[in-house]
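What follows is a single structure, written as structure tokens, with notes after it.
Reminder, nothing fancy here: chain letters follow the sequence lines and each chain counts from 1.
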Number of protein chains: 2
Amino acid sequence: MSAQPADPTCPVARTVDIVGDKWSLLIIRDAFDGIRRFNQFQRDLGIARNILAARLRDLVHAGILRVENATGGSAYQEYVLTDKGEDLFDLIVSLRQWGQAHAFAPGEPHSVLIDATTGEPVPRLSYTTPDGGRIQARQARVRKVGEP
Amino acid sequence: MSAQPADPTCPVARTVDIVGDKWSLLIIRDAFDGIRRFNQFQRDLGIARNILAARLRDLVHAGILRVENATGGSAYQEYVLTDKGEDLFDLIVSLRQWGQAHAFAPGEPHSVLIDATTGEPVPRLSYTTPDGGRIQARQARVRKVGEP
DNA sequence: CCGTATCCATTCCGATACTG
DNA sequence: CAGTATCGGAATGGATACGG
């Protein structure tokens with residue numbers, strides 16, 4: 001996205017540089033929702049076609065989307081998430097959960113995440129360590145590389 | 001950020017509209033790292049001063065940062081995360097974890113998250129339901145409001 | 001249907017200078 | 001130190017038109 005990440009050793013900065021853009025994030029969201037074709041993205045997002053083409057190209061180049069030939073006789077292409085792209089699921093979940101909590105008036109309707117196997121709404125997810133522990137923002141510090 | 005969210009019922013779109021911007025995300029990251037003053041942000045990010053002023057204003061207006069009088073005799077102001085802003089911790093963690101996994105070459109050094117109480121690096125966090133379950137991307141679907 | 005190309009307006013951004 | 005003001009270049013964005 002930009003020439004120089006602010007801090008080249010910070011993983012947050014690296015990620016922001018790759019997907020830290022309104023349209024990229026919404027395209028990825030759509031991809032998780034099963035959208036695969038150019039015009040589907042275009043209509044769903046209301047994005048200009050030239051911008052969409054540029055973003056799709058960048059995301060493919062970044063290894064987040066992959067171009068696939070459509071099933072059936074048509075020669076048209078589709079854009080699907082790679083494994084690297086699917087690993088952005090947590091990021092989209094984070095965006096979704098914060099929005100649900102802080103960007104809607106009480107009682108205002110919004111879309112929700114559904115467990116496809118049970119059909120039930122997914123409850124609020126929280127980050128846990130492998131042994132079930134939690135980390136609060138206040139407990140966490142960033143250690144720069146090279147520091148003791 | 002923009003006038004019209006693509007889909008007004010989607011929490012992802014709402015969040016992206018508020019913080020889905022390179023500089024906003026990096027400012028929030030810095031705020032979690034304890035940066036509080038205008039010139040600290042400016043030097044750390046290398047951002048233009050007028051852009052920084054605009055972003056800080058927007059983030060304060062969005063209720064993510066709050067202006068506080070600096071301690072001590074100085075009359076200078078500081079920018080600190082509100083509770084709403086601290087709830088973006090998971091989002092920053094998501095950015096960080098994806099970057100660590102996918103945006104660095106093997107062995108390339110990067111900053112890490114540290115548990116402030118133990119001093120130990122925070123292990124890989126994963127999203128779990130309140131009863132300890134996990135949700136994979138493939139299992140999840142978005143149900144639009146109004147759908148059965 | 002899938003893109004690319006072009007035009008034009010708007011915004012963004014960085015650099016610099018300036019004020020309290 | 002903490003901003004505001006301005007300026008010019010670059011990127012973004014929307015609309016439309018065009019070819020595979």
With a cut-off of 3.5 Å and sequence neighbours excluded, list every side-chain donor-acceptor pair involving residues 117-126 of chain B.
from, atom 1, to, atom 2, distance (Å)
B:T117, OG1, B:D115, OD1, 2.6
B:T118, OG1, B:E120, N, 3.1

Atom CZ of B:R57 and atom C1' of D:dA5: how far apart are they, to the nearest Å? 12 Å

Ignoring hydrogens and geometry, is there a side-chain-to-backbone donor-acceptor pair from B:Q40 to B:R36 under 3.5 Å? yes

Residue whose closest nucleotide on DNA chain C lies nearer the 5' end, B:I51 versus A:N39: A:N39

Assess the residue pair A:Y79 and A:I35 against the criterion (side-chain contact (heavy atoms from CB on, under 4.5 Å)); give the C-alpha distance rounded to whole Å, side-chain angles, the decisive distance to 0.1 Å, and a yes or no. CA-CA 8 Å; A:Y79 299 89; A:I35 290 186; over 6 Å; no

Give a yes/no on whether any side-chain N or O of B:Q77 is located under 4.0 angstrom from OP1 or OP2 of D:dA2. no

If we ignore angles and hydrogens, is there a donor and acceptor under 3.5 Å between the side chains of B:T128 and A:Y127? no

Judged by each residue's nearest nucleotide on DNA chain D, which is more toward the 5′ side, B:A54 or A:I47? B:A54

Using atom CG of A:D21 as one end and atom C1' of D:dT12 as the other, report the distance to the nearest whole Å. 10 Å

When you look at B:D58 and B:I64, which way does the side-chain contact (heavy atoms from CB on, under 4.5 Å) test go after all the steps? CA-CA 9 Å; B:D58 292 347; B:I64 290 167; over 6 Å; no

Using a cut-off of under 3.5 Å, enumerate the N/O to N/O pairs linking the protein to nucleotides 6-9 of chain C.
from, atom 1, to, atom 2, distance (Å)
C:dT6, O4, A:N50, ND2, 3.2

Could you check how far CZ of B:R43 sits from P of C:dA15, rounded to whole Å? 16 Å

Just how far, in rounded Å, is P of C:dA5 from CG of A:L52? 15 Å

Give A:Y79 one of three labels, base, sugar-phosphate or nothing, depending on what nucleic acid heavy atoms sit under 4.0 Å from its own. sugar-phosphate

Write down the distance between CD1 (B:I35) and C1' (D:dA2), rounded to a whole number of angstrom. 16 Å

B:R14 NZ/CZ over A:F104 ring centroid, <6.0 Å and within 45° of normal: yes

Write down the distance between CD1 (B:I27) and P (C:dC12), rounded to a whole number of angstrom. 13 Å

Does A:W23 have a side-chain nitrogen or oxygen under 4.0 Å from the phosphate oxygens OP1 or OP2 of D:dG13? yes

Please report the shortest heavy-atom distance between A:F32 and B:A137, naming the atom on each side. CE2-CB, 3.7 Å

With respect to the phosphate group of D:dA2, does any side-chain polar atom (N or O) of B:R37 fall under 4.0 Å of OP1 or OP2? yes

Global bending angle along the helix from C:dG3-D:dC18 to C:dG20-D:dC1, which compares the axes of five pairs at either end, to 10 degrees: 30°

For A:C10 and B:S111 the tightest heavy-atom approach is CA-OG, 3.8 Å

Rounded interatomic separation in angstrom, taking CZ from A:R49 and P from D:dC18: 15 Å

Atom-to-atom span, CG of B:N69 to P of D:dC1 - whole angstrom: 18 Å

Applying side-chain contact (heavy atoms from CB on, under 4.5 Å), run through A:V142 and B:V112 and close with a yes or a no. CA-CA 6 Å; A:V142 172; B:V112 296; over 6 Å; no

